[in-house]
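Just below is one structure, and these are the notes that go with it.
Every heavy atom of this structure was used, including side-chain atoms; hydrogens, water molecules and symmetry mates were not. In the text below, chain A, chain B and the rest are named by the order of the sequence lines, each starting its count at 1. All values derive from a computational prediction rather than experimental measurement.
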Amino acid sequence: MKLEVSVRKNFGTFRIEAEFSLSGNRCGIFGPSGSGKSTLVHMLAGLLKPDRGRIILAGRPLFDDARGINLPPEERRIGVVFQHAHLFPHMNVQRNLLYGWQRTAAAERQIAPEALIEVLNLDSLLERRVGSLSGGEQQRVALGRTVLACPRLILMDEPLTGLDQDLKYQIIPYLKKVFSEFDMPLLFISHSLQEMQLMTDEVLVFEKGTLQQRLPAENLARRHLVTGARGYANLLTLVEPRPHGDLWRYRWGETELILTEPGLNGDNLFELGSKDITLFKGHPEATSARNILVCRVTSIFGDGNRIGVELACNGGRLISQIVPESVRELDIREGAEVVAVIKASAFRKLY
Amino acid sequence: MMFSLPPQDMQAIWLSAKVASAATVISLPFGLGAAYCMVFVRLPGKAFFEGLINLPLVLPPVVVGYLLLLLLGRSSWLGQMLQAMHIRIIFTIFAAIIASSVIGFPLLVRSIRIGMENIDEHYLQASRTLGARWWDTLLTVILPLSGRAILAGMTLMFARSLGEFGATIILAGDIPGVTQTIPLAIYDYTNTPGGDSMALSLCLVSIALSFGVLLVNEAVSRKLRRERGR
């Protein structure tokens, strides 16, 4: 998928200006609310007409003011998942799901409804009224409805913002599963750095209606270690939880980690703050922390009084945040060997 | 039956029902079209268009009836055209239907319009991005979601048509068995010495009919609400 965008729109004193071209399958648009993200989504989907510019998706012009082209939404083949599910209240789940599919030419239907219903685990909901679904179920149906229209690009406009934390992490695995299984290009819009890390590879950063920066999601997260107060969030996929006394032992790549949180079979995603990883020069003789990993420093970044240290630990990768004084005292440089110490309770379970 | 009515009263009741039903049914597609245009289409001079539709609501019905008479009468080009085609409208049941349609139309449009305006725009956006053309969205999303408003509009219009007097008497006259609806029959009775009790019994019929319409409306509306699950 290649998306070329060059649009401009004025709203009185506010102006949106965007010029970019995307070719990845998992891109994000990141920015605070009021930065013009949603307006951009509306312009891409054909719900709002730009003042001028061009939008070209896979070589096909969707909008071009110079050539007088402005395809209506139904001809653009761009799917949108909105912040709220907006399921049609007068139809049951099944009719909602099939709404777009029935309006897609047979040759364009690359996804079988049965397969998607299985991936999204919607089997038991098909006959239900949408009013009786929970928020998370509604958003799953909305996602399924959009995917089944087999669009060339899916725009997700803050799809997780309306959900509470628990529901959000219930949905994310479904999202990831759908997009990996059906290989559909995604443009994910959000103001949440964590969602960007989880859902996208490359991120466009918008501020005050203009594109400020474009960088890999990972770099965006690292930049926040330097500028943000919350540090960097390591996202760890841990598998095979086994009881270990009154704690739990997980496999993380080739290493084992000990956590307080129980998990499920399959993938378990945990968040580990960069500040929760303490570095030692040598092996600490005795410590209350349960995880002691020998690592190699692969890179050092940041400036001021927050320094990020990237560590390679037996195949896994972690980022620890320390202060410049520690860098000097421990003589931390690329290639140096350090010991990372992590408490069992420092891991926060996402799903 | 608790009381029996003379045949011309039965005729008046039957005629009223026919006129009100025909006016409501014939106006419905136009009402839907007008409401759709007002809510979803960007039109130049929309305010003027809106004012024109609402005018019969504020004008005395007699004025509306007279204007219709001028429009359809023999001296107008439309009237002459109709005459050349041997179509007679004035002083027929068609005149009564036209009078009721024009008078009741603003009520129908107003109600449907409010219903359509209350539909969350996101449903329409979702429908369009899922591949539905505007008419598809109209049929599968807008109309079903404004079902109760449409029903309410039809009820109002039907009830208003049952009671239409001013425009009808001018355009259709007061011909028993042809254009004499319940209100006109009541008017006749009140002008006849000793007709008071007859007028009163028709009044009761009128009240019963209108009340019945409201009850049916409420029942159907409730059913629609239940089907929507809220």
Does [X], at its [atom1] atom, have more than 12 non-hydrogen atoms belonging to other residues, nucleotides or ligands within less than 6.0 Å?
X: B:Arg222; atom1: CZ; value: no
X: A:Phe11; atom1: CZ; value: yes
X: B:Phe94; atom1: CZ; value: no
X: B:Tyr187; atom1: OH; value: no
X: A:Phe14; atom1: CZ; value: yes
X: A:Lys49; atom1: NZ; value: no
X: B:Arg110; atom1: CZ; value: no
X: A:Arg128; atom1: CZ; value: yes

Of all heavy-atom pairs between [X] and [Y], which one has the smallest distance, and what is that distance?
X: B:Tyr123; Y: A:Leu87; value: CE2-O, 3.1 Å
X: A:Tyr99; Y: B:Thr137; value: OH-CA, 4.4 Å
X: B:Asp120; Y: A:His86; value: OD2-CE1, 3.5 Å

With a 4.5 angstrom heavy-atom cut-off, which part of [X] approaches chain B: side chain, backbone, both or neither?
X: A:Leu155; result: neither
X: A:Ile78; result: backbone
X: A:Gln102; result: neither

Spell out, as yes or no, whether a donor-acceptor pair under 3.5 Å connects the side chain of B:His122 to the backbone of A:His84.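 Checking the backbone N and O of A:His84 against the side chain of B:His122, no donor-acceptor pair under 3.5 Å is found.
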
With side-chain contact (heavy atoms from CB on, under 4.5 Å) as the test, would you mind laying out the steps for A:His90 and B:Leu145 before giving the verdict? CA-CA 7 Å; A:His90 55 298; B:Leu145 289 183; 3.4 Å; yes

Do B:Thr140 and A:Arg103 come close enough that some side-chain heavy atom pair is under 4.5 Å?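 Yes, side chains in contact.
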
Which of residues 127-135 of chain B get closer than 4.5 angstrom to chain A, counting heavy atoms alone?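 Against chain A, the residues of residues 127-135 of chain B that fall inside the cut-off (heavy atoms, under 4.5 Å) are B:Ser127, B:Arg128, B:Thr129, B:Leu130, B:Gly131, B:Ala132, B:Arg133, B:Trp134.
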
Tell me which of these, A:Met91, A:His42, A:Glu74, has more heavy-atom pairs under 4.5 Å with chain B than the rest.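 Top option by heavy-atom pairs under 4.5 Å: A:Glu74.
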
Output the option from A:Arg145, A:Arg77, A:Arg76 having the highest count of non-hydrogen pairs under 4.5 Å with chain B.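 Most heavy-atom pairs under 4.5 Å with chain B: A:Arg145.
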
